[in-house]
Every structure is written in structure tokens, then in C-alpha cells.
Amino acid sequence: MLSERQETILNIVKEQSPITGQHIAAKLHVTRAALRSDLAILTMLGLIDARPKLGYFFTGNKEKDLLSRVITDIKVESCLSQPVVVGEHTSAYDAVIAMFTEDVGTVFVANDNILVGVVSRKDLLRTALGNNDLRSLPVRMVMTPASKLIYVEPEEQALVAAQRLMEYEVDCLPVVNVLNREQEDRKELHIVGRISKTNITRLFVECGLGRRS
């Protein structure tokens, strides 16, 4: 089932195609970046198409395909995996051990389940190649801080997570509940899981085999 905004975008494209993403954003009074996920989902479902220098076209297809409907309805919370979490005072060496022990490519750094950073295999390899002593180096010196992270929330569509994985060229995203601390002008990211390219691949295979309904 499409969201209300996705339905609105589809109607705009149907009535005014070809139309650029910038013009669609202007009609909805949002930024072009805010529509990126919605446009990607509509394109992946085959409801619209994009042509360079021209914009988006309505394809004439209806949302009758069962696979498309099933995939659109699936939320991140139904296909996430358990996160591998270490504390920010953990050494980079122990982060490597956790990564290999749990057979994952990403380790999340958290304090009391509040996400403070992410460490990937690439981060640790880069650090090791710099001749750093991983046993004495805190993982917080290696991680990407939470303020720079891309994440998804449990109630978002799995297709949105897939689009972010592709767009930002990462292997894994943290799944978080966002708590806004207005008095402190900050937000806390409470980690509840992870979603990776493997999760998305498994999901699409299950849909194709009819194991999701």
C-alpha cells in the first residue's frame, strides 16, 4: 500500500508528465532530497519511470502485481537482525574480535543502548594499516559518530532501507527509535536492530518464493 504522499506524487506525475523531481518537490512544498525515497519506491514498483533531462513519466501500470504490493507493505521491523553492540571504551582490537565472532561487517557503539557510533570493517582495516596499536586504541577513536550516521526506523518501509543502502553505498544500517530531547536540542538514537544488504536480499527472495504475504 502506497503512502499518502506517494499517491499524491503518482497523481502529479500522471497528470503533468514529464515532470522533474524539483517541480514535484515544489508542488508539495518540500525539498527534492525529501522525496528521494518516495520517487525511488515508485520507480522500483514500475509505477513511474525517469528519463535523463526530461523527468518522470507515468508508466500506465496499475499496482496489481502481488509481489509489488507485498514488498511495499513490509516494514523494517519485520526483517531486521540483532545488532552487535560494544561500549565506546571497548578497544578497537576487541571490536575486531566481536566482528569476527558474530560474523558481521559492522559493529555498533552504544552507551545504555543509545547509539553513539558505528565501526565498519573498512574503518578497522584503515586503522590497522596505519600501524596503530588496536589493543590500546578506544573504538570511539575509530568509529563514525552518530551525528553523521544514516539510519532507518522500525516502522519505515523495507524498500526505503534498501534505497538508502544503495544510495549511500553502505553494507548495513542501524535501526533505531528516535527520542527527541527538545530541552537539550538533541535527539537520542535507541538502537533496536540492524538491516543489511543480506537482510534485503533474503527478503526479496522470500517474496519471490511466496513466503511473504
Side-chain angles (χ1 to χ4, degrees), residues 1-81 106 118 148-178 180 187 189 191-213:
M1 183 176 181
L2 299 179
S3 68
E4 182 178 346
R5 187 161 75 177
Q6 290 162 3
E7 291 279 7
T8 301
I9 293 170
L10 189 60
N11 288 330
I12 290 173
V13 175
K14 183 177 181 179
E15 295 171 2
Q16 302 182 39
S17 62
I19 183 170
T20 66
Q22 192 63 46
H23 282 106
I24 296 172
K27 288 181 176 296
L28 296 176
H29 305 293
V30 297
T31 65
R32 171 68 176 82
L35 295 183
R36 189 177 292 121
S37 295
D38 294 315
L39 290 169
I41 288 171
L42 292 172
T43 302
M44 282 189 274
L45 291 175
L47 301 176
I48 63 175
D49 196 9
R51 298 179 188 174
K53 299 182 180 180
L54 291 177
Y56 291 92
F57 289 79
F58 180 69
T59 63
N61 295 334
K62 301 294 184 180
E63 196 190 2
K64 293 180 179 178
D65 181 71
L66 177 59
L67 179 58
S68 295
R69 293 203 302 271
V70 170
I71 291 176
T72 305
D73 287 342
I74 294 173
K75 304 297 184 183
V76 168
E77 61 191 354
S78 72
C79 57
L80 54 75
S81 296
T106 304
V118 169
K148 297 181 179 180
L149 291 181
I150 307 301
Y151 58 83
V152 290
E153 297 178 62
E155 66 274 12
E156 291 190 87
Q157 294 172 318
L159 272 178
V160 170
Q163 193 271 338
R164 288 179 190 164
L165 287 168
M166 290 188 299
E167 179 181 352
Y168 293 98
E169 298 181 346
V170 294
D171 293 328
C172 181
L173 292 173
V175 182
V176 302
N177 287 321
V178 181
N180 290 308
K187 58 185 177 183
L189 305 179
I191 187 163
V192 297
R194 64 184 174 90
I195 188 163
S196 66
K197 290 179 179 178
T198 300
N199 293 105
I200 296 298
T201 301
R202 183 182 298 115
L203 171 62
F204 286 179
V205 169
E206 289 177 354
C207 290
L209 294 176
R211 295 175 183 169
R212 289 264 182 170
S213 59

So for atom CD, which belongs to Glu155, do other residues, nucleotides or ligands contribute more than 12 heavy atoms lying within a distance under 6.0 Å?
yes
Taking all non-hydrogen atoms of both residues into account, name the closest pair between Ala158 and Ile200 and its distance.
O-CD1, 3.8 Å
Phe58 side chain near Ile12 side chain, heavy-atom distance below 4.5 Å:
no
Can you tell if the side chain of Glu156 reaches within under 4.5 Å of the side chain of Lys75, non-hydrogen atoms only?
no
Under 3.5 Å, is there a donor on one side chain and an acceptor on the other for Thr59 and Asp49?
no
Would you mind reporting whether Tyr151 and Val178 have side-chain heavy atoms less than 4.5 Å apart?
yes
Is a side-chain donor-acceptor pair under 3.5 Å present for Asn199 with Ser196?
yes
So do Pro154 and Val192 actually touch side chain to side chain, heavy atoms under 4.5 Å?
yes
Which residue, Leu80, Val176, Val175, forms the side-chain contact (heavy atoms from CB on, under 4.5 Å) with Val152?
Val175
For a 4.5 angstrom cut-off between non-hydrogen side-chain atoms, does Gln163 reach Ile41?
no
For Leu173 and Ala161 the tightest heavy-atom approach is CD1-O, 3.9 Å
Hey, are the side chains of Gln6 and Leu47 touching, using non-hydrogen atoms and a 4.5 Å cut-off?
no
Does some side-chain heavy atom of Leu165 sit less than 4.5 Å from a side-chain heavy atom of Asp171?
no
Is the closest side-chain heavy-atom distance between Glu206 and Arg202 below 4.5 Å?
yes
